Amino acid sequence: MNPWVLIDTVPLPDGRGDIRLIQRADEFSIMLGTIALMNSRLSGSEEAMAGLARARISDRPNAHVLIGGLGMGFTLRAALAEFPQTTTITVSELMPAVVAWAKGPMTPIFGDCLEDPRVDIKVVDVRRLINSAKASYDAILLDVDNGPDGLTVETNDALYSMTGLKAASAALRPGGVLAIWASAPDRAFTQRLQRAGFTVEEERIRANGKSRGSRHVIWLATRPITHSPGVRSASRKL
């Protein structure tokens, strides 16, 4: 078996550690210590998030989609495949090194998706884009850190706080959807989404996109069109 090779190491923005990009043959992994944050062979749930969001705003041909976190580009590439050519896709990535990896050593998995005219990459904290937007987005897809139970940057927790969720709701157009990826269920977070006024669905998706293996969680939180939000909880396993 080919050994893992270290490609690059960069410090986290808050100085709480480093993340490393490693490669073995055509496989890439982004590591935090001994924890694999992402692996290029496990992309099923991140890809599914784009399709699930698209299904909920399919009547909006000129949609504006915000993706929080570039990572290995799983969600971005799926969004490009799912949404029509008239869609605008803004990708917010906090760490410049991740964008550099996408344009450099990870080009084999990114291809030319960053050159797609629908895509606008911004090296900025996604919270800044959300907090400054008012009814600007039709969908916000958050694949940031490890979901509500973060591992990397402590300030990411603010995204999933009540204040952060209400800011996301304000940034969405009525009927827009907030999709959030996480590695595991979190009942308290589901309830927090509901208290923030969203109609909530919960999907369990295979990490590898196949019929076996571990499942990840995607919350689909819709901003009500009216001011009287209903709460609908559902959990389906894919």
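Scope of the values below: all heavy atoms of this structure, side chains included, with no hydrogens, waters or symmetry mates. None of these values were measured; they are calculated from a predicted model.
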Which residues satisfy the salt bridge (Lys or Arg N to Asp or Glu O under 4.0 Å) test with K103, sequence neighbours excluded?
->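 K103 satisfies salt bridge (Lys or Arg N to Asp or Glu O under 4.0 Å) with no other residue.
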
How long is the span from the [atom1] atom in [X] to the [atom2] atom in [Y], to the nearest 0.5 Å?
X    : Y    : atom1 : atom2 : result
E203 : L220 : CD    : CG    : 6.0 Å
I89  : L80  : CD1   : CG    : 4.5 Å
H64  : L172 : NE2   : CG    : 11.5 Å
I218 : E201 : CD1   : CD    : 12.0 Å
D120 : T90  : CG    : OG1   : 5.0 Å
I19  : I35  : CD1   : CD1   : 12.5 Å

Side-chain ([X]) to main-chain ([Y]) donor-acceptor, under 3.5 angstrom:
X    : Y    : result
R192 : Y160 : yes
T86  : P61  : yes
S161 : A158 : yes
Q23  : A25  : yes

Would [X] and [Y] show up in the same hydrophobic cluster when neighbours are defined by side-chain heavy atoms closer than 4.5 Å?
X    : Y    : value
V123 : L70  : yes
L37  : F110 : yes
M95  : M31  : no
V124 : L142 : yes
L21  : V99  : yes

Under 4.5 Å between any side-chain heavy atoms of [X] and [Y], yes or no?
X    : Y    : value
R204 : P185 : yes
V217 : D186 : no
L76  : L114 : yes
L94  : R127 : no
W101 : I30  : yes

Is it true that D18 and R20 have a side-chain N and a carboxylate O under 4.0 angstrom from each other?
->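 Here D18 does not pair with R20 in a salt bridge, since their nearest N and O are not under 4.0 Å apart.
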
R128 atom CZ, neighbour heavy-atom count above 12 within 6.0 Å |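 Count not over threshold, so no.
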
Minimum-distance pair of heavy atoms, taken over all atoms of M38 and M72 =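 The pair with the smallest heavy-atom distance is SD-N, 3.7 Å.
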
Would you name the heavy atoms of G68 and V126 that are closest together and state the gap between them?
->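 It is CA-CG2, 3.9 Å.
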
List the steps, then state whether salt bridge (charged side-chain N to carboxylate O under 4.0 Å, His left out) holds for R77 with D116.
-> CA-CA 10 Å; R77 292 193 297 278; D116 192 295; over 6 Å; no

Check against side-chain contact (heavy atoms from CB on, under 4.5 Å), L159 and I180 | CA-CA 10 Å; L159 271 174; I180 298 173; over 6 Å; no

After noting the C-alpha distance and the side-chain angles of R54 and T87, does the key distance pass the side-chain contact (heavy atoms from CB on, under 4.5 Å) rule?
-> CA-CA 11 Å; R54 163 65 174 158; T87 305; 5.9 Å; no

Does the pair I67 and D143 meet the rule for a side-chain contact (heavy atoms from CB on, under 4.5 Å), with working shown?
-> CA-CA 7 Å; I67 298 177; D143 183 9; 5.8 Å; no

Set of side-chain contact (heavy atoms from CB on, under 4.5 Å) partners for T34, sequence neighbours left out =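 Once residues adjacent in sequence are excluded, T34 has no partner under the side-chain contact (heavy atoms from CB on, under 4.5 Å) criterion.
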
Dump the intermediate steps for side-chain contact (heavy atoms from CB on, under 4.5 Å) on Y137 and L129, then the final yes or no.
-> CA-CA 10 Å; Y137 302 108; L129 297 183; 4.0 Å; yes

With D138 as reference, evaluate R223, R56, R173 under the salt bridge (Lys or Arg N to Asp or Glu O under 4.0 Å) test and give the passing residue.
->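 Single salt bridge (Lys or Arg N to Asp or Glu O under 4.0 Å) partner of D138 among R223, R56, R173: R173.
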
